[in-house]
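Data first, discussion second: the structure below is written as structure tokens.
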Amino acid sequence: MPELAEVAFACSKWDAGLGKKVIGVFTHPTSRVYRDESRDSFVELLYKSTLLSSHTHGKQMLFKFSGNIFIGLHLGMTGKLILGPKNYKQQKHDALVIIQSQNSLVFQDPRQFGRIRIHKEKNLPSWWRNLPPSIIGKNFSSEILESAIYRHKRKPIKALLLDQRYFPGIGNWMADEILWRSMLNPAKLCGKITDSEINKLFNEILFVARGAMKSIGVKGGDPPKTWLFHKRWNNGNLCPKTKTALVRETIGGRTTCWAPAVQS
DNA sequence: ATACCTGTTTCCCG
DNA sequence: CCGGGAAACAGGTA
């Protein structure tokens, strides 16, 4: 599930725990989401602390607890945040369960591609401080897109859009949505992209990112019904705008859905 | 059974 | 050193 707006919506699921004290912590004994951390530090640091605020940046989440404690969380491919009851019953793939008097805050991740970190210090952790400009923030600019394109002339544009150093939050379906709206062939090498195409691409990045936040980010669920999103998951569908054939093939290492008749 | 998967990191090559 | 691509990570689902 988790790209920009889905991450924002997932993050909001723990909102019920804001201002509430932690009365119990469970950490999965083997899950790979703890590859950077000791499980014990989660129990030691979180117990009796209070969840103060939550934030997202692209696909990254930050939860701030009392006592200068920060949790960083990434959902990977199959991670989920769940709001459970106070007597929530542990599931097989629960990586972290934070129990509060009214609710349980659950991070579940069967494939364990997600990641969780913890940090106790006055200032924000460096893994949060050093994130690139958000694609829905003031500091994102066409210069960022342009310089990325100039730097990676031999890379397909689809692969570039997935690079979180430049476009934090864009994932596989958003990249396809953006390229479809930009009428660009996903396999086109960055070196072949013209200035006017860059301009169009920049505007469509903003359109898709903001449109996703307005729909999915707020309500959960799916983006507007006119989007490519709804046609991309299986073979044989038609382009929502032109009714030409959609194809699905691997480009930039990922399954890509596009309309060859209108994307060049 | 077999293939596929909304993500990232690591390793290898040029 | 850098850029680019494939493999690996692991389990659920069709």
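Side chains included, hydrogens not; waters and symmetry mates left out as well; all remaining heavy atoms used.
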Under the 3.5 angstrom rule, does the side chain of A:R165 hit a backbone N or O of A:A148 as a donor-acceptor pair?
no
Between P on C:dC2 and CZ on A:R151, what's the gap in Å once rounded to a whole number?
8 Å
Would you classify A:R248 as touching base, sugar-phosphate or nothing, given that sugar-phosphate means primed atoms plus P, OP1 and OP2, and contacts are heavy atoms under 4.0 Å?
sugar-phosphate
Tell me what A:G171 touches on the nucleic acid: a base, only sugar-phosphate, or nothing, going by heavy atoms under 4.0 Å.
sugar-phosphate
Verify the distance criterion only: is there a donor paired with an acceptor across the side chains of A:K158 and A:N185 at less than 3.5 Å?
no
Does any part of the side chain of A:N103, heavy atoms only, come nearer than 4.5 Å to the side chain of A:W14, both counted from C-beta?
no
Can you measure A:D109 atom CG to C:dG11 atom C1' for me and round it to whole angstrom units?
10 Å
Tell me if the CD atom of A:Q102 is crowded by more than 12 foreign heavy atoms within 6.0 Å.
no
Reading 5' to 3' and counting Watson-Crick or G-U wobble pairs with both distances under 3.5 Å, write the dot-bracket notation for DNA chain B, | for bases paired outside the strand.
.||||.||||||||
Contacts under 3.5 Å, N or O only, protein and nucleotides 12-14 of chain C:
| from | atom 1 | to | atom 2 | distance (Å) |
| --- | --- | --- | --- | --- |
| C:dG12 | OP1 | A:H93 | NE2 | 2.6 |

Ring-plane angle category for A:H152 and A:Y166, please: parallel below 30°, perpendicular beyond 60°, tilted otherwise.
perpendicular
Interatomic distance where CZ belongs to A:R32 and P belongs to C:dA8 [whole Å]:
13 Å
Rounded to the nearest angstrom, tell me the gap between atom CZ in A:R154 and atom P in C:dG5.
9 Å
Measure all distances between protein nitrogen or oxygen atoms and nitrogen or oxygen atoms of nucleotides 8-14 of chain B, and list the pairs falling under 3.5 Å.
| from | atom 1 | to | atom 2 | distance (Å) |
| --- | --- | --- | --- | --- |
| B:dT8 | OP1 | A:H74 | NE2 | 2.8 |
| B:dT8 | OP2 | A:K59 | NZ | 2.9 |

Side chains of A:L51 and A:I98: closer than 4.5 Å at any heavy-atom pair?
no
Taking the P atom in each of C:dA6 and B:dC4, what is the distance between them to the nearest angstrom?
15 Å
In residues 81-89 of chain A, what donor-acceptor pairs under 3.5 Å come from side-chain atoms, sequence neighbours left out?
| from | atom 1 | to | atom 2 | distance (Å) |
| --- | --- | --- | --- | --- |
| A:Y88 | OH | A:D94 | OD1 | 3.3 |
| A:Y88 | OH | A:D94 | OD2 | 2.8 |

C:dG11 phosphate, OP1 or OP2, under 4.0 Å from A:Q112 side-chain N/O
yes
In whole Å, what is the span from the CZ atom of A:F229 to the P atom of B:dT6?
12 Å
Quick one: name the residues clustered hydrophobically with A:L162, using the 4.5 Å side-chain heavy-atom rule over I, L, V, M, F, W, Y, and just say none if it's on its own.
none
Under 4.5 Å side-chain linkage, directly or through intermediates, the cluster mates of A:L131
A:L62, A:F70, A:L124, A:W127, A:W128
Do the non-hydrogen side-chain atoms of A:S134 and A:N139 ever get within less than 4.5 Å of each other?
no
Centroid-centroid distance, A:Y47 to A:F65, less than 6.0 Å:
no
Whole-Å distance, A:N234 CG to B:dC5 C1', equals 13 Å
Round to the nearest Å and state the distance from A:R165 atom CZ to C:dC2 atom C1'.
10 Å
Euclidean distance, atom CG of residue A:D163 to atom C1' of C:dC2 [Å, nearest integer]
14 Å
I'd like to know whether NZ of A:K64 has more than 12 heavy-atom contacts from other residues, nucleotides or ligands below 6.0 angstrom.
no
